[in-house]
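What follows is a short report on a single structure.
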Amino acid sequence: MRPGPRPLILITVDCFRADHAGFLGYDRPTTPFLDSLASQSLVFRNALATGTPTYYSLPAILASRYPLALGRDLLGLAPDETTITSVLKQRGFQTAAFLAANPYLSPRFGYDQGFDVFRDFLDGGTLEFTLEHGSPWEAGVRGRANQVLSRACHSVAPLGVAYDELYFQYCQQIAARDDESLDSLRRFPSADVIVDHAIAWLNENSGSPFFLWLHLMDSHSPYFPKQQALEAMGCGPINACEARYLNSYWARGDLSAKRLQGKRDGVIALYDAGICWADAQIRRLTEKLVELNVWDQCALAVTADHGEEFLDHGGRFHPPLKLTEELVRVPLLVRVPGCGSSDSEHPMGLIDLAPTLLDVLDIPAPASFRGRSCWSQRVTGENVDRPVFTECLYGCTNPYREENRAGPRILAVRKGDDKLVIDFASGTEQLFDLKSDPRECSPLPLDAAKPARRHLLECARKHVAESRKARDVDLRFESQLRDLRLEWAHSPANTPN
Ligand SMILES: [Zn+2]
């Protein structure tokens, strides 16, 4: 038995929706290792992101704070904000983070705080690229003549459609390279690269208590998985050209959902292979922990920042336009050696994750954490039925743009099987009974389930009032100051020639 507190590893897999995990019922072998781990873990079957996408989810995961609590104009963690990392650092943990180049998880947004080693693989290139969606085939600048032709064609509907199709095929032709491979097309470091770095760090640091955070991007679009993962899932070889075509097609803004549907299965196969590769690399990491004699003590949590949509409600990717289950329900398993397994059906917000993990380590949560531990209730069998909130700003697909951060809020409140989604722009709300309608196909009529609707509306009102009342003005001020400094540093007058 190792002396001192348990080491802790947190792995967040970007875009990993819950219903694509084997241990949560998916019929494809995406997660053979996590499935085996689930039988010795605490599994939350209804874990819900506190915000979506990445930039609205991570403040809750690391700081147990609602994403809009400091004000809708601010992103990321505030300077010196208390996080699970800073708490563990104070307790003498060695801390390291290896994050697969998600531009919203960078020092610019405070995510390096408390880490001794922080690698975001962005190599300084963090700014101004729209990660959350965007069409690769539209990314190229069209020539002037082409723009004129495009406008002319689009003035006559059938011609416009034909033009778009031809232009798409033309872009595919010129994008083709003889030497292209899935590896060369991939935009983010794959999980094996991240795990290699983690292993190198563990070789030096596993002798003392440590906190290691990995963020994997294998299931994030554009979907260019490792070929081995496609084979492991029995998808057969998909070559780079096919994968590029599928990704480009899937990103087209000119097609109806009906036309996109034809490529859906192919795109999902690529996405699933990304999850499968992450799973294989998590297995490799744990094998190293066994070798280092740490696995018997190590607590491990695996989850996601949000899910991903494949036309479930007509959309793709994960822009903050709605809070449907495919976007907010994420896998969550917490493995603590010697503590057995259990399965929880109760909705649990990721805002509760950091306090839960501290509880696992027997460390009290700081007062600033808004969530509560779900660890003790596993032991006591206490049935805590609190509302779970998820929020984002409507249409904020590029938060680098200030005007994007001024939109109205969307708020989902979940309690039991009831889910109320409030659209602050239109002032409307929809109530779903997820038991009878798990795919959220039909909101309940306005005159149905009135007590439940009234109760969830009251929860939402309290949540919004509380987030204003409890706003930490010092953290808000520090965040604003950081943004001002960055703006000043990047203003043309201060840019060296
Ligand atoms: Zn994300």
Side-chain angles (χ1 to χ4, degrees), residues 48-53 55-78 81-83 306 320-324 327-328 346-355 365-374 384-396 399 402 404-432 443-444 446 449-480:
L48 302 169
T50 303
T52 177
Y55 37 92
Y56 293 135
S57 178
L58 263 296
I61 294 177
L62 292 189
S64 187
R65 191 248 297 155
Y66 288 103
L68 306 179
L70 294 183
R72 69 186 60 202
D73 52 329
L74 298 172
L75 278 188
L77 300 173
E81 183 164 9
T82 304
T83 62
H306 52 78
L321 301 172
K322 53 195 160 190
L323 295 172
T324 41
L327 293 173
V328 303
H346 284 286
M348 184 255 199
L350 290 190
I351 197 154
D352 291 334
L353 181 58
S368 62
F369 279 18
R370 308 304 299 165
R372 284 192 234 156
S373 170
C374 299
V384 181
D385 198 12
R386 286 180 288 128
V388 176
F389 301 99
T390 306
E391 62 189 9
C392 66
L393 289 188
Y394 179 84
C396 182
E402 205 179 321
N404 241 238
R405 302 198 301 265
R409 185 193 307 240
I410 318 176
L411 176 65
V413 192
R414 171 83 184 269
K415 205 168 174 191
D417 292 318
D418 294 331
K419 176 178 178 180
L420 186 78
V421 184
I422 305 170
D423 177 343
F424 282 70
S426 60
T428 57
E429 92 271 348
Q430 291 187 315
L431 179 64
F432 295 91
L444 296 173
L446 274 173
K450 275 188 177 166
R453 186 184 297 266
R454 209 173 299 127
H455 175 62
L456 293 182
L457 273 172
E458 178 59 14
C459 292
R461 190 195 62 75
K462 276 190 188 153
H463 169 76
V464 174
E466 175 71 13
S467 55
R468 285 206 192 102
K469 206 172 74 190
R471 180 165 293 169
D472 187 321
V473 288
D474 292 337
L475 287 183
R476 175 166 169 77
F477 178 69
E478 289 299 326
S479 268
Q480 286 174 312

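Because the structure is a prediction, the values reported are computed rather than measured.
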Calculate, to the nearest 0.5 Å, the distance between atoms CD1 and CZ belonging to Ile351 and Arg65 respectively.
9.0 Å
Just by modelled atom types, is the Val464 backbone N or O under 3.5 Å from a matching donor or acceptor in the Ser467 side chain?
yes
Is Pro320 close to Pro53 at the side-chain level, that is, under 4.5 Å between some pair of heavy atoms?
yes
Expected output: side-chain Thr390 to main-chain Ala49 donor-acceptor under 3.5 Å:
yes
Does Leu411 reach the side chain of Phe424, with side-chain heavy atoms less than 4.5 Å apart?
yes
Is the shortest heavy-atom distance from the side chain of Pro347 to the side chain of Arg414 under 4.5 Å?
yes
Heavy-atom pair of closest approach, residues Arg476 and Gly71
NH1-CA, 3.7 Å
Stepwise side chain to side chain contact (heavy atoms under 4.5 Å, CB included) test for Leu420 and Arg453:
CA-CA 7 Å; Leu420 186 78; Arg453 186 184 297 266; 4.3 Å; yes
Take Ile422 and Ile410 through the test side chain to side chain contact (heavy atoms under 4.5 Å, CB included) and record every step on the way to the result.
CA-CA 6 Å; Ile422 305 170; Ile410 318 176; over 6 Å; no
Using the salt bridge (charged side-chain N to carboxylate O under 4.0 Å, His left out) rule, take Arg461 and Glu458 through it: C-alpha gap first, then chi angles, then the decisive distance, then the call.
CA-CA 5 Å; Arg461 190 195 62 75; Glu458 178 59 14; 2.8 Å; yes
Is the shortest heavy-atom distance from the side chain of Cys392 to the side chain of Tyr394 under 4.5 Å?
no
Test log, rule side chain to side chain contact (heavy atoms under 4.5 Å, CB included), inputs Val328 and Lys419
CA-CA 12 Å; Val328 303; Lys419 176 178 178 180; 4.1 Å; yes
Of all the heavy-atom pairs spanning Glu81 and Ala63, show the shortest one and how long it is.
OE2-CB, 3.7 Å
Taking atom CG of Asp472 and atom CD of Glu478, what is their separation to the nearest 0.5 Å?
10.0 Å
Are any side-chain N or O atoms of Arg72 and backbone N or O atoms of Gly407, one a donor and one an acceptor, separated by less than 3.5 Å?
yes
Below 4.5 Å, heavy atoms only, C-beta onward: do Thr50 and Tyr56 meet side chain to side chain?
no
Between Ser57 and Gly51, which heavy-atom pair has the shortest distance, and what is it?
CB-O, 3.2 Å
Reported CD-to-CG distance for the pair Gln430 and Asp423, which is rounded to 0.5 angstrom:
8.5 Å
Donor-acceptor pair, side chain of Glu429 and main chain of Leu457, under 3.5 angstrom
no
Closest non-hydrogen atoms of Gly395 and Asn404, given as atom of the first, atom of the second and distance, are O-OD1, 3.4 Å
So, Asp352 and Arg386, do they make that salt bridge, N to O below 4.0 Å?
yes
Find the distance between CG (Leu62) and CZ (Phe369) and round it off to the nearest 0.5 Å.
8.5 Å
Hey, could you give me the SG/OH distance between Cys396 and Tyr55, rounded to the nearest 0.5 Å?
4.5 Å
Check whether any side-chain heavy atom of Lys322 lies under 4.5 Å from a side-chain heavy atom of Leu327, and answer yes or no.
yes
Between Leu456 and Asp418, does a side chain to side chain contact (heavy atoms under 4.5 Å, CB included) hold up when you go through it step by step?
CA-CA 8 Å; Leu456 293 182; Asp418 294 331; 3.8 Å; yes
Verify the ring-centre separation between Tyr66 and His463: is it less than 6.0 angstrom?
yes
If every non-hydrogen atom of Ser479 is compared with every non-hydrogen atom of Leu74, which pair is closest and at what distance?
CB-CD1, 3.7 Å
Look up atom OG in Ser64 and atom CG in Leu350, then write down how far apart they are to the nearest 0.5 Å.
10.0 Å
For a 4.5 angstrom cut-off between non-hydrogen side-chain atoms, does Asp73 reach Gln480?
yes
Please tell me if the side chains of Glu391 and Leu323 come closer than 4.5 Å, counting only heavy atoms from C-beta onward.
no
Between Leu444 and Ala449, the two heavy atoms sitting closest are CD1-CB, 4.0 Å
